[in-house]
J.: 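Quick one: this structure, given as structure tokens, is what I'll be asking you about.
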Amino acid sequence: MNNRQTIAPSIADIEALAQAAVERLPEMFRRHLGPVLLRVEDFPDADVMAAMELESEWDILGLYQGRHVGMKGDEPSGALPDMIFLYRRPLLDEWSQTEDSLEAIVSHVLVHEVGHHFGLSDEAMEAIEAELD
């Protein structure tokens, strides 16, 4: 067994899976994601925990923070850039409890958060995700 198989995927590994998922998105979505920052962190911070009223840091896999595309153009001065967060440890926990690949889980969460950026319905997000498979 090699080292790679005995070490949990790192933040960089999750970032690589997420970037690969972004590259598989239809071009009409990718061209609008340029200014959106993609961040992978082990867990959500205390502010996210409070804002989302989470009972545990394990209760969230990803988060979109920002204004969806339909609200663009009237950003207040000093507004933070739009960001998609993926939370490594909850993602790994989800992976350990299912038969899905880590790549599939990261892609699913990423598509869901990208969908929030575009203000899409759950049905539209499912259609995009089906295109990635």
Side-chain angles (χ1 to χ4, degrees):
M1 186 178 304
N2 68 33
N3 247 359
R4 196 76 175 145
Q5 294 171 321
T6 61
I7 298 172
S10 68
I11 285 176
D13 294 330
I14 303 295
E15 286 172 347
L17 291 174
Q19 189 56 48
V22 167
E23 291 169 10
R24 290 192 313 273
L25 288 171
E27 196 278 328
M28 64 181 273
F29 293 106
R30 285 193 322 267
R31 72 173 164 237
H32 294 285
L33 290 175
V36 178
L37 300 177
L38 178 61
R39 296 199 45 189
V40 178
E41 297 180 354
D42 276 327
F43 290 105
D45 63 24
D47 291 339
V48 168
M49 295 278 300
M52 300 295 294
E53 300 179 357
L54 301 174
E55 291 183 24
S56 166
E57 60 195 358
W58 298 93
D59 291 344
I60 187 169
L61 302 175
L63 177 69
Y64 172 73
Q65 285 185 336
R67 298 163 59 90
H68 69 74
V69 170
M71 296 176 69
K72 297 296 178 192
D74 61 343
E75 287 95 9
S77 65
L80 294 174
D82 295 344
M83 291 190 261
I84 293 174
F85 290 89
L86 299 177
Y87 299 113
R88 184 182 79 95
R89 298 284 304 278
L91 286 165
L92 295 178
D93 190 55
E94 177 77 12
W95 179 42
S96 74
Q97 296 178 28
T98 69
E99 294 186 18
D100 294 333
S101 70
L102 182 58
E103 178 182 34
I105 294 167
V106 169
S107 291
H108 171 77
V109 174
L110 180 79
V111 166
H112 187 83
E113 301 313 330
V114 166
H116 288 304
H117 173 64
F118 289 99
L120 299 177
S121 68
D122 286 339
E123 293 80 22
M125 289 182 229
E126 288 172 11
I128 294 167
E129 192 171 7
E131 289 183 32
L132 298 180
D133 293 335

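What you see is a predicted model, and the numbers here were worked out from it, not measured in a lab.
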J.: For the CG atom of D100 and the CD atom of E94, what is their distance to the nearest 0.5 Å?
T.: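 It comes to 7.5 Å.
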J.: Once rounded to the nearest 0.5 Å, what's the spacing between atom CD of E113 and atom CZ of F85?
T.: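 Between E113 CD and F85 CZ, I get 10.5 Å after rounding to 0.5 Å.
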J.: Hey, is CD on E55 packed in by over 12 heavy atoms from elsewhere, all under 6.0 Å?
T.: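 Open: at most 12 neighbouring heavy atoms sit under 6.0 Å from CD of E55.
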J.: For the residue pair Y87 and V48, establish whether any side-chain heavy-atom pair is separated by less than 4.5 Å.
T.: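 SC-SC contact between Y87 and V48 confirmed.
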J.: Say you draw a straight line from CD of E41 to CD of E57; how long is it, rounded to the nearest 0.5 Å?
T.: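 Here the interatomic distance stands at 12.0 Å.
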J.: Using 0.5 Å steps for rounding, measure from the CD atom of Q97 to the CD1 atom of I105.
T.: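 Between Q97 CD and I105 CD1, I get 9.5 Å after rounding to 0.5 Å.
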J.: If you compare all heavy atoms of L92 against all heavy atoms of L102, which two are closest, and at what distance to 0.1 Å?
T.: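 Shortest heavy-atom separation between L92 and L102 comes out as CD2-CD2, 3.9 Å.
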J.: Quick one, P90 and F43 - any side-chain contact, counting heavy atoms below 4.5 Å?
T.: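 The answer is yes; the side chains approach within 4.5 Å.
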J.: With a 4.0 Å cut-off on N to O distance, would you call D42 and R89 a salt bridge?
T.: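 Salt bridge between D42 and R89, a charged N being under 4.0 Å from a carboxylate O: no.
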J.: Are side-chain heavy atoms of V109 and L91 found at a separation under 4.5 Å?
T.: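 V109 vs L91: side chains touch.
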J.: Counting heavy atoms not belonging to R30, are there more than 12 under 6.0 Å from its CZ?
T.: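 Enclosed: over 12 neighbouring heavy atoms sit under 6.0 Å from CZ of R30.
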J.: As an exercise, state the distance from CG of L61 to CH2 of W95, rounded to the nearest 0.5 Å.
T.: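 Separation between the atoms: 14.5 Å.
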J.: Taking all atoms of both residues into account, what is the closest heavy-atom pair of R88 and I11, and its distance?
T.: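 Between these two residues, the closest heavy atoms are CD-N, 3.5 Å.
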J.: Mind checking salt bridge (charged side-chain N to carboxylate O under 4.0 Å, His left out) for E103 and listing every partner two or more places apart, or none if nothing turns up?
T.: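 For E103, the residues satisfying salt bridge (charged side-chain N to carboxylate O under 4.0 Å, His left out) (neighbours in sequence not counted) are R24.
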J.: Hey, does L86 have a side-chain heavy atom less than 4.5 Å from the side chain of L38?
T.: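 SC-SC contact between L38 and L86 confirmed.
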J.: Kindly indicate whether the side chain of V36, heavy atoms from C-beta on, has any atom under 4.5 Å from the side chain of M83.
T.: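 The answer is no, as the side chains (C-beta and beyond) never meet within the 4.5 Å cut-off.
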J.: Closest approach of A21 and S107, non-hydrogen atoms and distance?
T.: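 Minimum heavy-atom contact is CB-OG, 3.5 Å.
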J.: Between I60 and Y64, is there shared hydrophobic-cluster membership here, with clusters defined by ILVMFWY side-chain heavy atoms closer than 4.5 Å?
T.: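 No, I60 and Y64 fall in different hydrophobic clusters.
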J.: Would you say the side chain of L63 lies within less than 4.5 Å of the side chain of I84, judging by non-hydrogen atoms?
T.: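 I84 vs L63: side chains apart.
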J.: Can you name the closest pair of heavy atoms from P44 and M49 and give their distance?
T.: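 That closest heavy-atom pairing would be CG-SD, 3.9 Å.
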J.: Can you check whether V111 reaches L25 side chain to side chain, under 4.5 Å on heavy atoms?
T.: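 In contact.
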J.: With the side chain counted from C-beta on, respond yes when D82 and L37 share a heavy-atom pair under 4.5 Å apart, and no when they do not.
T.: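 Not touching, per the 4.5 Å side-chain cut-off.
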J.: Should we count CD of E53 as having more than 12 external heavy atoms under 6.0 Å?
T.: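 No, not enclosed.
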